[in-house]
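Encoded as structure tokens, the structure appears first; notes follow it.
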Amino acid sequence: MTDSSPCTAYVSSTSEMSEPHMSDQEEPSPETPGAVEVPYRFDVDSTTAKLHEQWDSLGDGEETGAEVTVAGRLMLRRDQGKIVFGVLQDGTGRIQLFAPAKTTPRFEEFGKLSLGDWIGVTGEVIKTRRGELSIRPSAWTVLATTRRPFPDKWHGISDPDTRYRQRYVDMWVSEDSNRTLRARSRIMSLTRRWLEDREFIEVETPVFHSIASGALARPFSTHHNALGLDLFLRIAPELYLKRLTVGGFERVFEIARVFRNEGISTRHNPEFTMLELYWAYADYTDIMELVEQLVAYLAVEITGSTTLSYDERELDLAAPWRRASMIELIEEHAGLALSIDMDRDELAGIAREHGIEVKDYYGPGKLILEIYEKTTEAELWGPIFVTDYPKEVSPLSREHRTQPGLTERFEAIVAGRELCNAFSELVDPDEQLARFHDQEAERAAGDAEAMGMDLDYIRALEYGLPPTGGLGIGMDRLVMLLTGATTIRDVVLFPTLRPEQDGVAEAPSES
RNA sequence: GCGCCUCUAGCUCAAUUGGCAGAGCAUCGGACUCUUAAUCCGCAGGUUCUGGGUUCAAGUCCCAGGGGGCGUACCA
């Protein structure tokens, strides 16, 4: 919103209404008792937040002479006989309606509005004797009635299931939900703008993949009838985005909904949103700087500061974040001096000592990762970049320039959770083909999440992928971090749930 | 997947040892000219998640199923 005038920002420029909103001819028609005719459009010229901003400093009992029009739902009503007090809520907040019998049109009807009804109100901005900023209606109209009773005006909805299923109600009665879901939208918007300012372009790549690849996860499958083709919903957009880098999009990103057929938890929804970006001529150290700057920027925009508390623990997101290799961190937290060159059986022995179930196809790299996850990962709070993952568990990452057997890959741990995964991209088609073959061998050995072979991607690499840094950020988890949400369902508008068994009950009929 | 917990009016919650299923808010009717979850009076509102079982008697105990939550496993 760039409009500088708060009182015109919401008026449609095409409006030609001379008799704007109210009319007194809204009597229910006799054929349909109880029916309320509602207008096709309605002009507002302010919001509750703007009114507070402009007039909160008004003295008790003062009047402004300023007439405004706002709209929203009636959330509370206090009927005082010859005065009715209401509370109108819109997308920005709440304001009191002060409606004396003398000045309020259709006063009786006004007092009979249901909590939850949408109304548009025009009136003077005043402050009551008791000091509550209010609108004294000179005209009002019903914009929609609610046929179902709203939840308890004080307790709201407490049942999480109902909150997620009927988000359209939750958003009105739960301030936290409202704030968090709006913050999500804002984080997405700020992220786009921040990247575009750095000359990244946004793209949309296919959701249907004939090969589920680009991540280690089990996919959803579906079917195209006309093509007679089984397809997977994507588990990552990675390989398509790198094709675009081959194609000359040097800085590219996608905010991608991805789908993984795995368990549901407070940190996992089957569909979630991942920001992936690819940056030609950059390596993983450039990506680390990008991540810490982006996250610190978003923290300041959303919370006002780089320091915040999450789960009652402090966190400082200011750049730079600590960088430490996986092997260093294992030594630091578990006192184990490991190396990627160590004998496989020796590593397997150490892993077993720590209670890890070692499978036959685990090589040294997988064993080091398992030991890290068992002994070290849960100890990390962050923000920290955990770098230099083993090649064996990083089939798309480029081998480390000085440490063979490791890759230039990192994950960021923030508030004890993985926030992102990134690397210097593997650019050599022969090497990539060999890594895919390794993955196929792992799949044959029983790993259901091993990555699928994508020969067209190999062909793309054969045309030449320049040095490129790539990144994936779990945006839902980022939103959780910045809003303090402890379950992913609070940051997803409509989280995946089983369907309601008994169907949806009919609205209570008025008789 | 597995383990533990939970489900009562539109919403939030009670119901003693197994003994008539209740309250507040919302709705509906009434009173009230500065309220702040207004207050006061009144009416109405129920397949106690579903199906079995034990019992003279089940919201309560038992079995099976369903929804949800948390933990755990896989993962971001």
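To find a chain, count down the sequence lines: A is the first, B the second, and so on, and within it residues start at 1.
- The distance between atom CD of A/Gln80 and atom C1' of B/U39, rounded to the nearest whole Å, is 8 Å.
- Using a 4.0 Å heavy-atom criterion, one finds that A/Glu418 contacts the sugar-phosphate atoms exclusively.
- Going from atom CD of A/Glu132 over to atom C1' of B/A37 covers 13 Å, rounded to whole Å.
- Within the 4.5 Å cutoff, no side-chain heavy atoms of A/Arg129 are placed close to those of A/Asp60.
- Map A/Pro151 and A/Leu76 each onto its nearest nucleotide of RNA chain B; the residue landing nearer the 5' end is A/Pro151.
- For the segment residues 253-263 of chain A, the set of residues with a heavy atom within less than 4.0 Å of an atom of RNA chain B comprises A/Arg260, A/Glu262, A/Gly263, in numerical order.
- Using a 4.0 Å heavy-atom criterion, one finds that A/Ser158 contacts the sugar-phosphate atoms exclusively.
- Base engagement by A/Gly81 is indicated by at least one non-hydrogen atom pair under 4.0 Å involving a base atom.
- Checking B/A26, B/U33, B/C28 against every side-chain atom of A/Lys102, the shortest atom distance belongs to B/U33.
- Residue contacts for A/Gly156: at a heavy-atom cut-off of 4.0 Å it reaches the sugar-phosphate backbone alone, with no base atom in range.
- Residue contacts for A/Leu115: at a heavy-atom cut-off of 4.0 Å it reaches the sugar-phosphate backbone alone, with no base atom in range.
- To the nearest angstrom, C1' of B/A73 lies 13 Å from CD of A/Glu373.
- As judged by a 4.0 angstrom heavy-atom cut-off over every strand, A/Asn269 is placed among the base-contacting residues.
- Base engagement by A/Asp79 is indicated by at least one non-hydrogen atom pair under 4.0 Å involving a base atom.
- Among the heavy atoms of the strands, none lies under 4.0 Å from A/Glu411.
- Across all strands, A/Arg136 comes closer than 4.0 Å to no nucleic acid atom at all (heavy-atom distances).
- Residue A/Asp152 is classed as a base contact, given a heavy-atom separation below 4.0 Å to a base.
- Contact of the A/Val492 side chain with the A/Glu271 side chain is not registered, since no non-hydrogen atoms from C-beta on lie closer than 4.5 Å.
- Among the protein residues, A/Arg77 comes within range of the sugar-phosphate backbone only, with heavy atoms under 4.0 Å from sugar or phosphate atoms but none that close to a base.
- A/Leu406 has its side chain out of reach of A/Tyr389: every pair of non-hydrogen atoms, C-beta onward, lies at least 4.5 Å apart.
- Note: NZ (A/Lys112) to P (B/C28) measures 9 Å, nearest angstrom.
- Atom P of nucleotide B/G10 and atom CZ of A/Phe150 are separated by 17 Å, given to the nearest angstrom.
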